[in-house]
Amino acid sequence: MRGTVSNWLKNFIGTNGSAIFDSVALSKYLTGSKSGAKLSQEEKEKVRKVLLIYRNLKFFPDSMPDDNGEGWQILPFEAPVEEEKLEEAK
């Protein structure tokens with residue numbers, strides 16, 4: 001099958017079920033599954049991000065670390081650092 005977002009989601013759900021999952025289950029899938037084992041490290045990182053976005057959206061707010069909003073990151077990308085904060089750090 002082609003490596004589309006839809007196909008990765010279907011394969012992951014078919015392998016792990018449709019319940020919320022943690023980083024251990026995600027790592028096992030990316031390294032131990034037939035589909036994940038064939039990927040380069042760069043490709044695994046892309047699939048990992050897609051699956052994290054799926055988890056964070058599908059299982060929100062249970063997928064977030066705490067109830068006060070601290071540390072929440074729906075999209076697993078590094079936030080840009082504001083130049084003002086960089087100047088303050090100097």
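By convention here, the first residue in the shown sequence is residue 1.
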Novice: For a 4.5 angstrom cut-off between non-hydrogen side-chain atoms, does Val5 reach Tyr54?
Specialist: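 In short, these two side chains do not touch, never coming nearer than 4.5 Å.
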Novice: I'd like a table of donor-acceptor pairs (distance under 3.5 Å, sequence neighbours excluded) in which one partner is a side-chain atom from residues 18-25, with atom names and distances.
Specialist:
| unit_1 | atom_1 | unit_2 | atom_2 | d |
| --- | --- | --- | --- | --- |
| Asp22 | OD1 | Val24 | N | 3.2 |
| Asp22 | OD1 | Ala25 | N | 2.9 |

Novice: Given 3.5 Å as the limit, does a donor-acceptor pair link the side chain of Glu43 with the main chain of Ser40, or not?
Specialist: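 Between the backbone of Ser40 and the side chain of Glu43 there is a qualifying donor-acceptor contact (under 3.5 Å).
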Novice: Look up atom OG1 in Thr31 and atom NZ in Lys44, then write down how far apart they are to the nearest 0.5 Å.
Specialist: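 Output value for this atom pair is 6.0 Å.
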Novice: Can you check whether Phe12 reaches Leu26 side chain to side chain, under 4.5 Å on heavy atoms?
Specialist: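 Yes; the side chains approach each other to less than 4.5 Å.
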Novice: Measure across Leu30 and Arg48 and return the closest heavy-atom pair with its distance rounded to 0.1 Å.
Specialist: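 Looking at all heavy atoms of both residues, the shortest contact is CD1-CB, 3.6 Å.
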Novice: Do Leu9 and Thr4 make a side-chain contact, defined as non-hydrogen atoms from C-beta onward lying under 4.5 Å apart?
Specialist: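 Counting from C-beta outward, Leu9 and Thr4 never come under 4.5 Å.
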Novice: How many angstroms lie between atom OG of Ser33 and atom CG of Asn11, to the nearest 0.5 angstrom?
Specialist: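 Nearest 0.5 Å value for the OG-CG distance: 6.0 Å.
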